[in-house]
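Report on the following structure.
This is a predicted model, so every value here is computed, not measured.
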Amino acid sequence: TTCRAPDRACQSQGWRQHKRNCEVAKILDLKVPPVALFLLCAALMWILSAAYTGGAFVLPGAAAALAVCAALGGVIGLAGVAAFRRHSTTVDPTAPDKTKAIVTDSIYRYTRNPMYLALVVTLAGWALFLQNVAALAVLPVFVVYMTQFQIKPEELVLQARFGPDYGDYMATVRRWI
């Protein structure tokens with residue numbers, strides 16, 4: 001999260017409040033490892049589906065949906081990790097400053113964040129398996145959190161490190177899908 005000098009948008013909400021919001025957001029930037037957030041969201045989905053029985057629905061083949069989503073998520077995630085390994089760059093999501101190369105081949109031609117996409121696909125399968133709208137409601141929370149506190153901070157670091165090359169990549173490949 002980047003805070004800049006006051007502009008018209010900041011003046012409308014008050015510069016001090018804007019700065020305070022940025023400081024709070026900065027505390028969360030790159031701090032919660034994505035796998036930990038994934039596990040937390042999966043647990044939250046289970047708790048919510050047990051607590052909110054009014055949101056239950058029947059999905060024939062729910063176990064198969066979980067299996068398909070988990071397998072697809074696994075393939076997507078492993079493709080992302082393998083591409084990073086081929087380019088000898090870090091897969092540590094808390095240290096984007098250690099990135100040695102922009103990876104644009106393999107699965108990175110279709111998504112800039114396949115490892116995070118893999119987590120979302122797997123969580124979607126879990127939500128379908130739980131057969132509850134409350135579990136499904138956690139998916140956008142995961143996506144928004146990951147975008148705001150993981151992906152956008154990574155993008156800032158990568159833009160600073162690789163300049164226009166990373167900007168060109170961002171312009172041609174979507175953040176998610």
Side-chain angles (χ1 to χ4, degrees), residues 1-13 15 17-38 40-41 68-127 136-177:
T1 305
T2 304
C3 292
R4 295 180 294 279
D7 57 18
R8 288 182 189 174
C10 293
Q11 291 168 357
S12 66
Q13 70 175 19
W15 171 244
Q17 182 62 42
H18 172 74
K19 187 175 177 188
R20 198 170 315 123
N21 290 346
C22 285
E23 289 167 357
V24 169
K26 201 153 190 62
I27 291 169
L28 296 173
D29 285 356
L30 303 170
K31 298 296 189 283
V32 180
V35 172
L37 183 64
F38 166 82
L40 180 69
C41 285
V68 168
C69 288
L72 181 60
V75 168
I76 292 169
L78 289 174
V81 170
F84 268 33
R85 295 287 186 219
R86 275 194 310 278
H87 290 274
S88 301
T89 194
T90 184
V91 295
D92 181 357
T94 61
D97 56 316
K98 294 181 181 176
T99 303
K100 295 179 183 173
I102 303 170
V103 180
T104 60
D105 60 356
S106 181
I107 194 148
Y108 288 90
R109 289 179 290 159
Y110 309 104
T111 174
R112 295 197 313 262
N113 297 286
M115 292 177 251
Y116 304 150
L117 178 60
L119 297 177
V120 172
V121 170
T122 305
L123 279 177
W126 177 237
L136 288 169
V138 175
L139 287 171
V141 173
F142 180 84
V143 170
V144 167
Y145 185 95
M146 285 296 297
T147 300
Q148 188 62 41
F149 298 111
Q150 186 66 42
I151 296 171
K152 286 182 178 180
E154 283 179 4
E155 289 172 346
L156 290 173
V157 171
L158 296 173
Q159 282 179 306
R161 187 168 182 91
F162 297 107
D165 289 340
Y166 191 73
D168 292 346
Y169 177 60
M170 289 177 64
T172 58
V173 178
R174 291 176 181 240
R175 182 179 282 149
W176 286 97
I177 51 175

Would you give the length of the straight line joining atom [atom1] of [X] to atom [atom2] of [Y], rounded to the nearest 0.5 angstrom?
{"X": "Leu78", "Y": "Ile107", "atom1": "CG", "atom2": "CD1", "result": "10.0 Å"}
{"X": "Thr104", "Y": "His87", "atom1": "OG1", "atom2": "NE2", "result": "6.5 Å"}
{"X": "Glu154", "Y": "Met146", "atom1": "CD", "atom2": "CE", "result": "7.0 Å"}
{"X": "Leu40", "Y": "Phe142", "atom1": "CG", "atom2": "CZ", "result": "10.0 Å"}

Quiz prompt | With Asp92, the side-chain hydrogen bond (donor to acceptor under 3.5 Å, both in side chains) member among Thr90, Thr89, Thr94 | solution = Thr94
Close side-chain approach of [X] to [Y], heavy-atom, < 4.5 Å:
{"X": "Val138", "Y": "Leu123", "value": "no"}
{"X": "Ile102", "Y": "Arg161", "value": "no"}
{"X": "Leu158", "Y": "Tyr169", "value": "no"}
{"X": "Pro93", "Y": "Met115", "value": "no"}
{"X": "Val141", "Y": "Leu139", "value": "no"}
{"X": "Lys152", "Y": "Thr147", "value": "yes"}
{"X": "Tyr145", "Y": "Leu37", "value": "yes"}

Heavy-atom pair of closest approach, residues [X] and [Y]:
{"X": "Val173", "Y": "Arg109", "result": "CG2-O, 3.7 Å"}
{"X": "Ala83", "Y": "Asp105", "result": "CB-OD1, 4.5 Å"}
{"X": "Pro114", "Y": "Gly80", "result": "CG-CA, 3.9 Å"}
{"X": "Arg86", "Y": "Ser106", "result": "NH2-CB, 3.4 Å"}

Quiz item: Which pairs, with at least one residue in residues 91-120 and sequence neighbours excluded, count as a ring pair (Phe, Tyr, Trp, His ring centres under 6.0 Å)?
Solution: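 Passing the test, one end in residues 91-120: Phe84-Tyr108.
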Practice problem: Answer yes if the side chains of Asn113 and Thr111 hold a donor-acceptor pair under 3.5 Å, and no otherwise. | Solution: no
Practice problem: List for me each residue that meets side chain to side chain contact (heavy atoms under 4.5 Å, CB included) alongside Leu72, sequence neighbours excluded, and say none if there are none. | Solution: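 By the side chain to side chain contact (heavy atoms under 4.5 Å, CB included) rule, Leu72 matches Ile76, Val121.
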Quiz item: Under the side chain to side chain contact (heavy atoms under 4.5 Å, CB included) criterion, do Val32 and Gln150 qualify, and how do the steps go?
Solution: CA-CA 8 Å; Val32 180; Gln150 186 66 42; over 6 Å; no
Practice problem: Please name all residues satisfying salt bridge (charged side-chain N to carboxylate O under 4.0 Å, His left out) with Glu155, sequence neighbours left out, ordered by chain then number. | Solution: Arg112, Arg175
Quiz item: Under the side chain to side chain contact (heavy atoms under 4.5 Å, CB included) criterion, do Leu117 and Ile177 qualify, and how do the steps go?
Solution: CA-CA 8 Å; Leu117 178 60; Ile177 51 175; 3.2 Å; yes
